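Keep in mind it's a predicted model, so treat the numbers as computed, not measured. Residue indices begin at 1 and follow the sequence shown.
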Amino acid sequence: MASYLQLGHNSWNLFEEPDIGDYSGMVLSPVNDSPADVAAGLLRLGEQRPKLDVILDPQLYNPAVDKGLMDQWTYFPSDFETANHADAAWWIQRGIAVANQGAQLGVNAVCSPALFPKTFSDDYYGLMVEIADATHQHAKSLGLDTLVTAIISLRDLANPARAYAIASILSRSRCDRIYLTFLNEDVKQQREPLSEPSGLPTAVHLVRLLSRQMRVHVAFAAHDVVLWKYAGAADVSSGKFMNLRRFSPGRWEEEKSGGQQAAYWTEGSLFTLLRTADVERLRRDGWFDGRDLSDNPASLRIMEFIQSGSKKLWVKESWLQYLRWIANAEAAWHGRPDLAMAALEESHRLWSDIVNVRQILFQDWFNEHGTHVKNWLNAGREGGKR
């Protein structure tokens, strides 16, 4: 149904870029932007603003790691460090405060506040529903939609029965929209693809189950958007920095390291990111011969830089290329699970060509064999049959 921009550090100007693609909304980031920043950003959008579905994610997952600018938001309490986070009443008050601040800013929807649990138990998901329903009741009186927020551990999904158990609990919510964030503890670098082969089939099944009753929004997506569209997710969101392409407890910390300044080529056919040297190697091998790049203008500009030997940094172009790919892919696969699966099957064939025929080795270890595509293909096939 829609692609959303997951805002991060200095992301507002991306909506002024014509090549970003068709984005129907945005997810605000209180870690990065104060309420004053958000108000100014929304005002700057001008005539574009009424066309966008703006969602406030309070991001109360794990502020102990780095709360950023959250202490400038009225819903962020002074007692956060000492509060009893198992107390539903305390969280319900947070939800009411989030809805109030969302209404003040003129957003369209709010995500219910959610904690990062020690254990992903049925009780945790039950608490998330209780908080979401209370938030929904208040937000509805303010004219706002509410998305019930749930963090899903892929490790926990190694048991196939968890899909039914979790879906049964979450679908009890009075909210008709849900905001899912999939946690992959095994991902060490944020640009790595999801790599939990035992849990991914159940994740696909879970999205399929929830999509029958709710409008599913998978947040912090990356190239794995192919799995979620195959499973029936209505909406996906992603952001320009590597650390906004994957959810993890410390995802905001990576912004400080400066690692986001590296430029990566989005190779959609392989569902991965490639370094400049990798792109040059593929170009010399004829990989791009006859390729039509016109559906992603940033790809054309980046290729011109590489072919000319230009030393110009193309970090911004890499953001635009990636985000345009997300928007294009979401639109192409929405309501067409057959096309999403066909794209995975073709990618598996292309990786076989890279590894066995062309015998090309890429710079990053996670790009050595295209293992993630095998895992995703297996996840789609298995999760789609359950």
Requested in this report: Would you mind checking if Glu382 and Arg386 are paired as a salt bridge, meaning a charged N to carboxylate O distance below 4.0 Å?
Outcome: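 A salt bridge links Arg386 with Glu382.
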Report task. Please confirm whether His348 and Trp376 have ring centers closer than 6.0 angstrom. Result ->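 No - the distance between ring centres of His348 and Trp376 does not fall below the 6.0 Å cut-off.
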Query - is_close_aromatic(Trp319, Tyr264), centroid dist under 6.0 Å - result: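 Judged by ring-centre distance (under 6.0 Å), Trp319 and Tyr264 do not meet the cut-off.
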Report task. State which residue, out of Leu60, Leu56, Val98, fulfils the side chain to side chain contact (heavy atoms under 4.5 Å, CB included) condition with Trp73. Result ->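 That would be Leu56.
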Query raised in the report: In a check of side chain to side chain contact (heavy atoms under 4.5 Å, CB included) between Val54 and each of Leu7, Val110, Val107, which one passes?
Result: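 Filter result, single survivor: Val107.
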Query raised in the report: Distance from Thr202 atom OG1 to Leu206 atom CG, nearest 0.5 Å?
Result: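 Rounded to the nearest 0.5 Å, the OG1-CG separation comes to 8.5 Å.
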Query raised in the report: Taking atom CG of Leu270 and atom CD of Glu346, what is their separation to the nearest 0.5 Å?
Result: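 Atom-to-atom, Leu270:CG and Glu346:CD are 10.0 Å apart.
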So does [Y] get a backbone contact from the side chain of [X], meaning a donor-acceptor N/O pair under 3.5 Å?
{"X": "Asn375", "Y": "His372", "result": "no"}
{"X": "Ser173", "Y": "Leu170", "result": "no"}
{"X": "Lys229", "Y": "Ala233", "result": "yes"}

Report task. Decide side chain to side chain contact (heavy atoms under 4.5 Å, CB included) for Glu345 and Arg381; before the verdict, give the C-alpha distance in whole Å, the side-chain angles of both, and the deciding distance to 0.1 Å. Result -> CA-CA 10 Å; Glu345 291 171 344; Arg381 288 172 174 171; 3.9 Å; yes
Report task. Would you indicate whether the side-chain heavy atoms of Ile55 and His217 approach each other to under 4.5 Å? Result ->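 Side chain of His217 against side chain of Ile55, heavy atoms only: contact under 4.5 Å found.
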Donor-acceptor list for residues 150-159 side chains, cut-off 3.5 Å, not counting sequence neighbours:
| unit_1 | atom_1 | unit_2 | atom_2 | d |
| --- | --- | --- | --- | --- |
| Ser153 | OG | Arg155 | N | 3.3 |
| Ser153 | OG | Asp156 | N | 3.4 |
| Ser153 | OG | Glu185 | OE2 | 3.0 |
| Arg155 | NH2 | Asp186 | OD1 | 2.9 |
| Asp156 | OD2 | Arg162 | NE | 3.1 |
| Asn159 | OD1 | Ala161 | N | 3.0 |

Report task. Would you mind listing every ring pair (Phe, Tyr, Trp, His ring centres under 6.0 Å) that reaches into residues 147-175, with sequence neighbours excluded? Result ->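 Non-adjacent pairs meeting ring pair (Phe, Tyr, Trp, His ring centres under 6.0 Å): Tyr164-His205.
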Report task. Applying side chain to side chain donor-acceptor pair (under 3.5 Å) between Arg215 and each of Asp235, Asp176, Asp145, report the one that passes. Result ->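 With Arg215 as partner, side chain to side chain donor-acceptor pair (under 3.5 Å) holds for just one option, Asp235.
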Query raised in the report: Where do Thr146 and Arg177 land on the side chain to side chain contact (heavy atoms under 4.5 Å, CB included) test, with the steps shown first?
Result: CA-CA 7 Å; Thr146 301; Arg177 299 173 69 178; over 6 Å; no
**Report entry** side chain to side chain contact (heavy atoms under 4.5 Å, CB included) assessment of Leu320 paired with Arg301
**Finding:** CA-CA 11 Å; Leu320 296 177; Arg301 293 192 292 271; 4.0 Å; yes
Query raised in the report: side chain to side chain contact (heavy atoms under 4.5 Å, CB included) between Glu267 and Phe288: does it pass, once the steps are laid out?
Result: CA-CA 11 Å; Glu267 184 53 38; Phe288 297 103; 3.7 Å; yes
